[in-house]
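Starting off with a structure, shown below.
Residue numbers run from 1 in the order of the sequence given. When reading the values below, keep in mind they use all heavy atoms of this one structure, side chains included, and skip hydrogens, waters and symmetry mates.
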Amino acid sequence: MPDIDIDFCVERRGQVIDYLKSVYGEDSVTQIITFGKMNARAVIRDVGRVMSYSYSEVDKIAKMIPEGPKVTLDQALKQNSDLRTVSQTNYKDLIDNAKVLEGMTRHASIHAAGVVVAPGDLTDFVPLYRSSQGDVTTQYDMKELESIGLLKMDFLGLRNLTVIDKTIDLIKKRFDKNIDIDKIDMEDPKVYELFAKGLTVGIFQFESAGMREFLKKLKPKGIDGLIAMNALYRPGPMQNIDRYIKRAHGKEKVEYVHPLLEEALKETYGIIVYQEQVMQIANIIAGFTLSEADEMRRAIGKKIRSLMDKMAEKFVKGAVKNGLSKAKAKQIFDLIDKFAQYGFNKSHSVAYSYIAYQTGWLKTHYTAEFMSANLTSEMNNTNKVVVLINECRKLDIKVHAPDINKSGINFEPLNDKEISFGLNAVKNVGVKALEQCIEVRNKHGEFKSMFDFISKVDQRLVNKKVLESLILAGAFDSLNNNRAQLFEAVDLAINYGNQVDKNSNKDQINLFGDQEDLVKIPELPIIEDWDNQEKLSKEKEVLGIYVSGNPLIKYADIIEELSNYDFSEKKILKENTVVKIGGAITNFKLHFDKKNQQMAFFNLDCLGGQAEAIIFHDAFDKYKEIIKDNNIVFLVGHTSTQNDFADLKLIVDEVVPINHAKKVLKLNQVNIRLPKNSSKDLMNDIVELAKQNKGDHSFIVHIPSENNQERKIISKKIKVSSNNQFLILLRDLLGESNVWID
């Protein structure tokens, strides 16, 4: 049977399945079973729990194993010496038992997308399974269903369709404007400019760092460029991207093996990109019917050697019949054979690029609404929320901290430059609890205090854990910004709320005030607030990110003094530019190189933005004790390719703890180069500037002399600072390239 995949809005996928049942009958449609296996990490956690090891011990061991479905315990033990040591000491039984169970079926669940439709009652064709929750699925998995000839369809939930839907709802709510996304201008130059600049974070299919780099090189001006890039940016055809870009910009000649190929390959500059082009070539050159051409494409794509040989013979015969030489026909078939296995389905790429353009259009014209909808759709994925909030910063949009009196369940735009935080992104706070809080707020007005809040909400929904999480997230800061005091008073508040509720239930009437006046409001304990570092650390526990502040602020002076990169300057950096920058390590991921040696990827959250870092084995081995999530460090590294202001990507050479950075990375010399025949006024301005920016760095003046030589004078009277403001003022006087630091 054909393979049918189709994408729907995540929230409405269930409606489609219900519709299918209404058409074909309840007894003919069901979802497909899938079997979860005990992979390397999962089996360690499961065995550890059964053997009564502490969660923290087991978690530490599990994290020594690289992520990925194909990673085995044996591979991990070969690659990681720490894990080997563990397996030979206290945890030998844990590892041995885990090895026995690894790969076994752990549980049954519902396949994320698969739906099967039978031509009659399902029970005539396949046994069914009912889960403990009452869900009915097939007992056969998708491969077995295909082998018995049933029609399996993948109904996929596509988050980006939900983002489009939510963005349109937010536009309607804020501007009372109805947007028909299917009728937008598909040739809007502002939208293609967004793609050409690589500003595609949040854009469907186009947001990876590598894709953004290629977009900046290609600078697409129409939907055809997006379609081609979508098809090319995949493991096989990726090798053709640079050729495609050079040909698109006229930097490489477009050539065809035979003039007849031009008709099929003109749109992609002579490069086979799409499966449809393979079929078209077979039709034009060898006279294949489209059905035969599709059979050839499938044979090549799936590398069915016997069928390929048969098709090659048929292709050559047909080409010779159409007037080509046998040698030329073989050359064209070899070309097809080489590229067809990487060819991508054009209709698929068109559909995806169409959605990408729609999301790009919304980001261009309704940025705050689009980013709000994106944040809402990713609110359970902390890493993605961090990326999207950093993107908001680049777009000069402020995402406010959570506020119990202002925030809704989801992220929402306040205006073009401000977004309110979605309370549903706070850990341990469910939708039902939030719906209740907002319903009470809408009915009674803003809450006056934490006690007022707890006395009005339903404590069966808003329990102790919910209240604690909201406090740690800063949601009550607008009522009382001493989070330690509120946290300490949680039990008092819960008891107070229970008493108010108890009195209300007895139908007691107070002629002189509200029900809660019958119960005395407790006094808050008098305690000092947590210091900023602890407050932000607890905030990150429940939000996954820092929103109300940043622990880096404490080190702002050191970071500013020692960094040579400023996100606000939006500089373009050439390849191999040396960068020194300070920040907090996040999203650390351990990997192994081709020699099975440890290396790592991580992000560095800085005061003005975020850098992506990769550290190879030699450097990683040296600094691995320092490179841990949340550690604040200085990186010294170099750019691997040209970076623009939207992204900073570094290959790390050196890692220095922030407390040692001043000692290790201390800058010794501020250098300036004077223009020939410098005026006395210029010299006076420089001296005056230097006196106003005294510090502990040598001030070196380079003076041009004859024969393109220059003299170097070290000022003995003046030592200067290396702060950014001083350097900027010097560069204003002398030019960017005439001021530098050694």
Is it true that, when you exclude K266 itself, more than 12 heavy atoms of the residues, nucleotides or ligands shown sit nearer than 6.0 Å to its NZ?
no

About how many Å separate CG of N322 and CD1 of I284, when rounded to the nearest 0.5 Å?
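Spacing of CD1 (I284) from CG (N322) equals 10.5 Å.
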
How close do I32 and D141 get, heavy atom to heavy atom, and via which atoms?
CG2-C, 4.0 Å

When you look at E207 and K384, which way does the salt bridge (Lys or Arg N to Asp or Glu O under 4.0 Å) test go after all the steps?
CA-CA 11 Å; E207 57 183 324; K384 206 64 200 284; 3.2 Å; yes

Parallel, tilted or perpendicular: which fits the ring planes of H348 and Y352, with parallel below 30° and perpendicular above 60°?
perpendicular

Backbone N/O of V10 and side chain of T162: donor-acceptor pair under 3.5 Å
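Here the side-chain-to-backbone pair exists.
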
As an exercise, state the distance from CD1 of I203 to CG of L194, rounded to the nearest 0.5 Å.
5.5 Å

Under 3.5 Å, is there a donor-acceptor pair between the side chain of E102 and the main chain of L73?
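Checking the backbone N and O of L73 against the side chain of E102, a donor-acceptor pair under 3.5 Å is found.
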
If we ignore hydrogens and angles and just use 3.5 Å, is the side chain of Q15 paired with the main-chain N or O of R12 as donor and acceptor?
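No, because the side chain of Q15 does not come within donor-acceptor range (under 3.5 Å) of the backbone of R12.
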
Would you check if L362 and I171 make a side-chain contact, meaning some heavy-atom pair closer than 4.5 Å?
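In contact.
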
Here the gap from F601 atom CZ to I615 atom CD1, rounded to the nearest 0.5 Å, amounts to 11.5 Å

Of V579, T577, D653, V652, the residue whose pairing with H638 passes side chain to side chain contact (heavy atoms under 4.5 Å, CB included)
D653

Would E295 and R298 satisfy salt bridge (Lys or Arg N to Asp or Glu O under 4.0 Å), going step by step from the backbone distance to the final call?
CA-CA 5 Å; E295 194 179 355; R298 191 165 61 251; 5.5 Å; no

Can you confirm whether E378 sits close enough to R159 that some side-chain heavy atom of one is under 4.5 Å from a side-chain heavy atom of the other?
yes

Lys/Arg N to Asp/Glu carboxylate O, D334 vs K330, below 4.0 Å:
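Looking at D334 and K330, the cut-off is not met.
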
For the backbone of Q598 and the side chain of H617, can you confirm whether one donor and one acceptor N or O come within less than 3.5 Å of each other?
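Checking the backbone N and O of Q598 against the side chain of H617, a donor-acceptor pair under 3.5 Å is found.
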
Looking at every non-hydrogen atom in both residues, tell me the closest pair between A373 and V163 and how far apart they are.
CB-O, 3.7 Å

Can you check side chain to side chain contact (heavy atoms under 4.5 Å, CB included) on L122 and D27, steps first, answer last?
CA-CA 6 Å; L122 279 158; D27 295 333; over 6 Å; no

Sub-3.5 Å donor-acceptor pair from the side chain of H249 to the main-chain atoms of K219, do we have one?
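No, because the side chain of H249 does not come within donor-acceptor range (under 3.5 Å) of the backbone of K219.
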
Worked verdict on N230 versus S353 for side chain to side chain contact (heavy atoms under 4.5 Å, CB included)
CA-CA 7 Å; N230 194 294; S353 299; 3.6 Å; yes

Main-chain N/O of Y129 paired with Q139 side-chain donor or acceptor, under 3.5 Å:
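Checked: no pair found.
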
Please answer whether the main-chain N or O of L260 pairs with a side-chain N or O of H258 as donor and acceptor at a distance below 3.5 Å.
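Yes; judged by distance alone, with no hydrogens or angles, the pair exists.
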
Y24, OH: over 12 other non-hydrogen atoms inside 6.0 angstrom:
no

Of V273, I336, N283, L335, which is the lone residue that meets side chain to side chain contact (heavy atoms under 4.5 Å, CB included) with V278?
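Of all the options given, the one that passes is I336.
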
Within 6.0 Å of CD in Q239, more than 12 heavy atoms from elsewhere
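Result for CD/Q239: enclosed.
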
Minimal non-hydrogen separation, T367 against T364, with atom names:
OG1-O, 3.8 Å

Taking C-beta and beyond as the side chain, do E369 and F175 meet within less than 4.5 Å on heavy atoms?
yes

Would you call R297 and D294 a salt bridge, using N to O less than 4.0 angstrom?
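Yes.
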
Between Y357 and D188, do the side chains contain an N or O donor and an N or O acceptor separated by less than 3.5 Å?
no

Output the distance between atom CZ (F8) and atom CG (L161), rounded to the nearest 0.5 Å.
9.5 Å

Between K143 and E146, is the closest basic N to carboxylate O distance under 4.0 Å?
no

Say you draw a straight line from CD1 of I389 to CG of N374; how long is it, rounded to the nearest 0.5 Å?
12.0 Å

What are the two closest heavy atoms between F333 and A312, and how far apart are they?
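Looks like CE2-CB, 3.4 Å.
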
State whether K346 and E267 are salt-bridged, where the test is any N-O pair (Lys NZ or Arg NE/NH1/NH2 against Asp/Glu carboxylate O) under 4.0 Å.
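Result for this pair is yes, salt bridge flagged.
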
Side chains of R212 and V201, heavy atoms from C-beta outward: is any pair under 4.5 Å?
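In short, these two side chains touch, coming nearer than 4.5 Å.
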
Can you establish whether the number of heavy atoms outside K317 located under 6.0 Å from its atom NZ is more than 12?
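Check fails, neighbour count at 12 or below.
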
Do V116 and V126 touch side chain to side chain, with heavy atoms closer than 4.5 Å?
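No, their side chains stay 4.5 Å or more apart.
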
Atom CD in E263, atom CD1 in I281: separation rounded to 0.5 Å?
10.5 Å

For atom NZ of K152, is the number of surrounding heavy atoms from other residues, nucleotides or ligands below 6.0 Å larger than 12?
yes

Please examine the side chains of M311 and M308, heavy atoms only from C-beta on, and report whether any two atoms are closer than 4.5 Å.
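Side chain of M308 against side chain of M311, heavy atoms only: no contact under 4.5 Å found.
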
Looking only at non-hydrogen atoms, find the nearest pair between I227 and S349 and report the distance.
O-OG, 2.6 Å

Under the criterion side chain to side chain contact (heavy atoms under 4.5 Å, CB included), I'd like the reasoning laid out for D593 against H591: C-alpha separation, chi angles, the key distance, then a yes or no.
CA-CA 7 Å; D593 61 21; H591 281 255; over 6 Å; no

Side-chain (N39) to main-chain (A42) donor-acceptor, under 3.5 angstrom
yes

Could you check if a side-chain atom of M186 sits within less than 4.5 angstrom of a side-chain atom of W361, using non-hydrogen atoms only?
no

Apply side chain to side chain contact (heavy atoms under 4.5 Å, CB included) to M296 and M279, showing your working.
CA-CA 8 Å; M296 185 190 82; M279 294 164 66; over 6 Å; no

Any idea which heavy atoms bring L218 and A248 closest together, and the distance?
CD1-CB, 4.0 Å

Does the distance from a Lys or Arg side-chain N to an Asp or Glu carboxylate O, for K197 and E193, drop under 4.0 Å?
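A salt bridge links K197 with E193.
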
Between K328 and V257, is there a donor-acceptor pair closer than 3.5 Å when you use the side chain of the first and the backbone of the second?
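Judged by distance alone, yes, a pair lies under 3.5 Å.
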
With the side chain counted from C-beta on, respond yes when S372 and L170 share a heavy-atom pair under 4.5 Å apart, and no when they do not.
yes

